[in-house]
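Contents: one structure, followed by commentary.
Every chain is numbered from 1, with letters handed out A, B, ... down the list of sequences. All values below come from the heavy atoms of this structure, side chains included, with hydrogens, waters and symmetry mates left out.
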Amino acid sequence: MKKTSIRFGRLVNLVTATLLLAITIAPAVANQSYALGGLVQSRFIQLSNSSPSATSVTYNVSFKPTTTNTVGGIVVDFCNDSPIIFSGTCTFPTNFTLGATPAVSGLAGFSTSTGSWVTTNSLQCGAAAGQKQVLLYTNTTAQTPSGTGTAINFQITGVTNPSATGTFYARIYTFDTSADTTAGYTCGTATTRGVGSGTTGVMDYGGAALSTVTQISISATVQEQLTFCVSGSTISGTCSGLTTPSLTIGSGAPPVLDTTGEGTPAYTQLTTNASNGVVVRMKATNACSNGGLSTAPPDVAGGCASIAGIGSAAAVLTAGTYGMCVAPGAGVTAATNYADTVNSCPTTFNATSKYGMNGTNLTSTYGDQVYSTTGAVNAISSSMTFAAKAAATTPAGVYQGNEILIATGTF
Amino acid sequence: MRRNAVSISSAAVLFTTIVISLLGGVGSLFVSPVSAAELTSRFLELSDSRAAQTSVTYNVGFNITTAGTLGSIQLMFCSNSSLISEPCVAPSGFDASNAVFAQETGVSGLSISAASTANDLILTRPPAPAAAVPVTLTFNNITNPAAQGSYYLRVLTYPTNDATGPNTDNGGMAFDMNAAVDVHVQVPPYLLFCTGNTITGTDCTTASGDFVELGALSTARTSSGQSQMVIATNAQNGYNISVNGSTLTSGNNTIAANMAAAPAQTGVSQFGINLRKNSTPNVGEDPSGTGIGTPLANYDQPNLYTYNNGDTVASATGVTDYRKFTISYIVNISKSQSPGIYASTFTYVALSNF
């Protein structure tokens with residue numbers, strides 16, 4: 001008897017071991033799978049926007065079938081609790097919706113394209129009234145997948161993401177026929193499902209995880225910038241190599257001004273991110289307060305003598321006049337009064353060039369506009385040629401003028 | 001089961017999307033739990049951009065973005081940044097403590113608060129509604145920063161009257177201190193003077209001839225001739241032109257010059273000149289040209305002639321443009337005038353008085 005008992009015990013042990021082994025290898029399905037296909041491979045759902053509650057989101061669904069059996073229906077069910085397929089329960093992701101009628105486009109991965117794929121059989125389940133939670137994408141004419149190595153792919157557009165941040169899931173199924181899809185995949189209640197591994201027509205299946213996340217916001221600030229420099233010689237780099245803009249107009253040694261006219265340039269450079277551009281004005285100060293060049297006692301007995309500005313309109317210098325023209329850099333526009341439309345304002349005096357010097361404006365509070373930009377510029381150089389011509393009656397003496405250049409940016 | 005389910009999920013493609021939103025803000029973006037709006041079209045206009053300059057006028061302009069209660073406007077002048085989230089470093093040498101609030105447009109009733117400092121101007125008024133309109137604020141008597149370079153102004157509007165609490169709108173702007181252009185010109189002393197038998201207009205390059213031929217002298221008629229001279233000068237005190245030379249001479253014989261201005265008289269030995277147009281004889285021209293200057297009295301009478309060696313014949317009291325004089329020469333002889341070739345060389349000297 002003992003011998004018999006031992007054999008029974010061994011038998012019991014053997015049975016127990018078998019049962020344990022069966023449980024261990026049980027697949028991740030609610031019940032033992034008897035589907036026609038199997039677990040789809042290379043499956044994913046790509047979101048165009050992962051922000052919670054984002055609208056008009058596109059879900060790009062892709063998976064590789066396990067067989068080339070014809071497919072009459074594809075189901076994608078979105079659940080908040082798990083991706084476990086054939087689960088009888090599915091928690092609704094709060095505020096999620098595929099829309100009143102899910103929109104699907106870009107279907108690929110079938111070697112046939114007959115019939116019409118429709119989404120009108122999609123299910124509301126836990127979604128709000130008139131909205132859909134479960135996509136049923138069906139074709140009354142079942143289509144043949146291109147192959148097990150070719151992904152079936154399509155995009156669901158107009159999706160509204162769940163309002164909660166975190167992971168949610170999609171359960172993907174294929175069915176053999178449209179009729180089996182609509183009959184087999186049902187919502188008993190908002191959170192229950194009628195599909196099972198034994199459901200007629202179910203073929204391939206698979207789950208995927210998705211996630212909504214908080215956006216990462218990065219802000220960067222760029223402060224307003226205005227750099228304006230003036231030099232007596234050409235400016236290299238960014239306002240480097242500046243020399244004092246002290247100009248002497250004349251020729252010879254020492255330089256003197258005669259009746260033929262002389263000119264010499266000053267150089268400016270402008271950098272700004274002012275979106276509405278910059279205006280550069282010139283304000284003139286001289287002993288006669290008339291915007292020209294002037295000399296005072298002891299050169300002149302009482303009062304002052306001047307080489308007056310040429311006037312408000314750019315013109316050829318006449319005897320006994322003083323003027324300036326602007327050769328603008330890229331993106332810079334010379335004011336009309338200071339634009340040499342004849343010779344483009346060379347850096348030496350030209351008898352046919354046009355110069356301006358509006359004494360009235362130059363002696364006003366903010367001076368006279370000489371050039372401007374309409375927007376931002378970067379290290380743009382412009383030259384300004386100051387020219388004068390003596391008259392036979394211009395009293396001998398040293399004439400001076402101080403030209404203040406003021407840049408105003410509008411941001 | 002649950003563990004196996006997790007295993008399958010792991011085996012699947014777990015897909016999580018992280019969206020990074022890059023917000024690039026150009027301009028003064030104020031990161032604040034309560035975001036203020038940005039003032040638009042903002043500018044700062046100066047009457048003088050020279051460093052350390054005093055009595056400068058500052059004209060601040062901007063568009064109010066948010067209509068609502070306005071009680072104060074704060075203007076912060078900084079050397080480091082236009083961003084109101086950053087500390088404001090006062091520009092060295094900048095001083096608005098004596099600023100005079102000269103003008104306001106778009107708003108009214110503002111005045112400089114006693115809480116203002118050298119670089120922090122606060123304009124205050126009893127809180128009142130303000131529309132979203134362009135505003136300008138003008139201040140006189142501000143001292144510029146001491147050094148050349150870029151500086152910044154921050155403008156904030158407040159519903160309170162003392163610039164406290166959250167601001168409604170804000171914005172920054174940049175301005176620059178830079179060198180002025182000094183222009184120097186030296187006009188040298190200038191004297192242009194030329195002589196010739198003829199000069200076209202006042203162009204000395206056309207002066208030609210230096211010999212006046214009076215021909216055969218006669219007791220029955222007056223012999224005459226002329227020469228011309230042009231002068232221009234920038235001498236503040238004008239010029240004098242003198243004539244130097246003896247009367248017409250032939251060996252030991254001379255033709256007497258009129259010591260006093262007298263008319264031409266045939267049969268009488270006389271020599272004289274003037275600088276006028278004459279009819280008796282018909283010789284000479286009146287002075288011409290755009291310059292100033294006149295013959296001296298003795299030489300300024302038509303039909304009266306005189307000559308004294310060294311006399312000043314023409315002068316001006318100030319600077320003059322080109323002026324042309326025509327010298328008329330007349331000679332008469334008596335029957336007792338000794339025969340011979342009578343000649344003289346006259347030198348005209350122009351002296352400018354600077």
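- Here CD of A:Gln269 is found 12.5 Å from CG of B:Asn178. Values are rounded to the nearest 0.5 Å.
- Between the CD atom in B:Gln186 and the CD atom in A:Gln400 there is a gap of 11.0 Å [rounded to 0.5 Å].
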*When you look at B:Asp182 and A:Thr244, which way does the side chain to side chain contact (heavy atoms under 4.5 Å, CB included) test go after all the steps?*
CA-CA 9 Å; B:Asp182 286 327; A:Thr244 302; 5.8 Å; no

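- Smallest separation of non-hydrogen atoms from B:Asp176 and A:Phe228: OD1-O, 2.7 Å.
- No side-chain donor from either of A:Thr408 and B:Glu45 sits under 3.5 Å from a side-chain acceptor of the other.
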*Can you check side chain to side chain contact (heavy atoms under 4.5 Å, CB included) on A:Thr221 and B:Leu83, steps first, answer last?*
CA-CA 8 Å; A:Thr221 54; B:Leu83 303 179; 3.6 Å; yes

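- Side-chain atoms of B:Val183 and A:Tyr322, non-hydrogen and from C-beta on, do get closer than 4.5 Å to each other.
- For B:Asn63, no part lies under 4.5 angstrom from a heavy atom of chain A.
- Contact annotation for B:Ala179: both backbone and side-chain heavy atoms come within less than 4.5 Å of a heavy atom of chain A.
- Proximity to chain B (any heavy atom under 4.5 Å) is shown, for A:Phe411, by both the backbone and the side chain.
- Separating the CD atom in A:Gln223 from the CE atom in B:Met173 is a distance of 13.0 Å, to the nearest 0.5 Å.
- If you take OG1 on A:Thr285 and CG on B:Asp48, they are separated by 8.0 Å, rounding to the nearest 0.5 Å.
- Two residues are said to be in side-chain contact when any heavy atoms from C-beta on lie closer than 4.5 Å; A:Ile404 and B:Ser49 meet this criterion.
- Contacts between B:Thr138 and chain A at a heavy-atom distance below 4.5 Å involve the side chain alone, from C-beta outward.
- The nearest pair of heavy atoms linking B:Pro188 to A:Leu257 is CD-O, 3.3 Å.
- Counting all heavy atoms, side chain and backbone alike, A:Leu226 lies closest to B:Ser150 at O-OG, 2.6 Å.
- For B:Leu44, the part lying under 4.5 angstrom from a heavy atom of chain A is the backbone only.
- In terms of heavy-atom pairs under 4.5 Å with chain A, the best-connected choice from B:Ser81, B:Gly61, B:Ala232 is B:Ser81.
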*Just do the side chain to side chain contact (heavy atoms under 4.5 Å, CB included) check on A:Ile249 and B:His184 with the steps written out, would you?*
CA-CA 6 Å; A:Ile249 301 177; B:His184 304 264; over 6 Å; no

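- B:Asn237 does not touch chain A: none of its heavy atoms, backbone or side chain, sits under 4.5 Å away.
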*Evaluate the criterion side chain to side chain contact (heavy atoms under 4.5 Å, CB included) for residue pair A:Tyr366 and B:Thr57; output intermediate values, then yes/no.*
CA-CA 8 Å; A:Tyr366 302 107; B:Thr57 297; 3.2 Å; yes

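- B:Ser82 places a side-chain N or O within donor-acceptor distance of the main-chain N or O of A:Glu224, the cut-off being under 3.5 Å.
- The greatest number of non-hydrogen atom pairs below 4.5 Å with chain A, out of B:Val319, B:Thr233, B:Val181, B:Leu46, is found for B:Val181.
- How far CD of B:Gln148 is from CG of A:Leu242: 8.0 Å, rounded to the nearest 0.5 Å.
- Ranked by heavy-atom pairs under 4.5 Å with chain B, the first of A:Asn402, A:Val256, A:Leu405, A:Val230 is A:Asn402.
- Ranked by heavy-atom pairs under 4.5 Å with chain A, the list B:Asp321, B:Leu191, B:Leu192 is led by B:Asp321.
- With rounding to the nearest 0.5 angstrom, the OG1 atom of A:Thr394 is 10.0 Å from the OH atom of B:Tyr190.
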